[in-house]
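For reference, the structure is listed below as structure tokens.
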Amino acid sequence: MSRRMHSQQYPHRIRVLSEVPGGNLGHGSGTWEDVFPKGLWANIRYGTGSEAIRAGKVVSSVEASIRIRFRDGITNAMRVQHKGVVYEILAVLPDLVGRAHVDLVCKVTK
């Protein structure tokens with residue numbers, strides 16, 4: 001794949017992060033580290049934004065689909081980071097036929 005074609009299909013450089021357990025028995029005290037130290041090229045597409053009231057506060061939620069070239073080992077326990085925005089992975093949808101890509105269904109909560 002030429003560099004130009006690569007940059008058109010996957011123009012965003014992302015980090016895929018996995019939680020490293022801390023000393024507090026998995027209660028969010030761990031740190032996050034890169035699964036792929038050099039990062040991955042991706043195509044980030046936003047869906048609709050919505051607002052909901054949770055615990056008496058208005059919370060904005062934005063859904064996104066992040067497409068990367070096919071990779072094994074990515075799970076919904078991981079997260080994606082791009083330019084300071086953190087995406088919670090809700091589902092991992094691999095291309096089972098051609099194994100060309102993986103779509104990560106994600107959510108950003110502000």
Side-chain angles (χ1 to χ4, degrees):
M1 177 182 306
S2 73
R3 181 131 175 98
R4 182 181 172 108
M5 180 73 129
H6 179 275
S7 65
Q8 288 175 352
Q9 287 185 337
Y10 302 102
H12 309 106
R13 192 74 161 168
I14 63 167
R15 297 172 61 201
V16 177
L17 306 170
S18 179
E19 189 172 20
V20 177
N24 196 6
L25 301 176
H27 290 91
S29 62
T31 58
W32 294 84
E33 69 178 21
D34 286 304
V35 177
F36 306 101
K38 293 183 179 181
L40 297 175
W41 290 101
N43 187 343
I44 302 172
R45 295 184 180 192
Y46 287 96
T48 60
S50 64
E51 289 187 352
I53 297 177
R54 294 190 186 114
K57 295 182 180 180
V58 176
V59 177
S60 295
S61 177
V62 178
E63 295 178 0
S65 175
I66 301 176
R67 179 170 283 186
I68 59 173
R69 285 190 286 160
F70 192 89
R71 297 272 180 175
D72 283 321
I74 298 177
T75 70
N76 63 350
M78 298 174 180
R79 60 169 60 165
V80 171
Q81 185 176 20
H82 177 257
K83 293 188 176 183
V85 177
V86 177
Y87 300 84
E88 175 186 349
I89 299 175
L90 302 176
V92 178
L93 308 173
D95 172 18
L96 298 176
V97 177
R99 293 177 59 100
H101 62 264
V102 175
D103 288 317
L104 306 174
V105 178
C106 299
K107 177 175 72 170
V108 179
T109 303
K110 297 179 182 178

On a heavy-atom basis, the closest approach of Y10 and N43 is CD2-N, 3.9 Å
Identify, with sequence neighbours excluded, every residue that meets side chain to side chain contact (heavy atoms under 4.5 Å, CB included) alongside S18.
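Partners of S18 under the side chain to side chain contact (heavy atoms under 4.5 Å, CB included) test: V35, M78.
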Could you tell me if the side chain of [Y] sits less than 4.5 Å from the side chain of [X], heavy atoms only?
| X | Y | value |
| --- | --- | --- |
| E19 | W32 | yes |
| Q81 | D34 | no |
| I89 | T75 | no |

For W41, is there any backbone N or O sitting under 3.5 Å from a side-chain donor or acceptor partner on R69?
no
Between D95 and A100, is there a donor-acceptor pair closer than 3.5 Å when you use the side chain of the first and the backbone of the second?
yes
Point-to-point distance, once rounded to the nearest 0.5 Å, from [atom1] of [X] to [atom2] of [Y]:
| X | Y | atom1 | atom2 | value |
| --- | --- | --- | --- | --- |
| I68 | I14 | CD1 | CD1 | 5.5 Å |
| K107 | R79 | NZ | CZ | 12.5 Å |
| Y87 | I44 | OH | CD1 | 4.5 Å |
| I66 | L40 | CD1 | CG | 10.5 Å |

When clusters are formed by joining ILVMFWY residues with side-chain heavy atoms under 4.5 Å apart, either directly or through shared neighbours, do [X] and [Y] land in the same one?
| X | Y | result |
| --- | --- | --- |
| V16 | V85 | yes |
| I74 | L90 | no |
| V92 | V108 | yes |
| F70 | L93 | no |

Look at the rings of H82 and H12 and say which category their plane angle falls in: under 30° parallel, 30 to 60° tilted, over 60° perpendicular.
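The arrangement is perpendicular - the two ring planes meet at more than 60°.
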Under a side-chain separation threshold of 4.5 Å, the hydrophobic residues clustered together with L96 are none
I would like to know whether R15 and V86 meet side-chain contact (heavy atoms from CB on, under 4.5 Å); could you show each step before the answer?
CA-CA 9 Å; R15 297 172 61 201; V86 177; over 6 Å; no
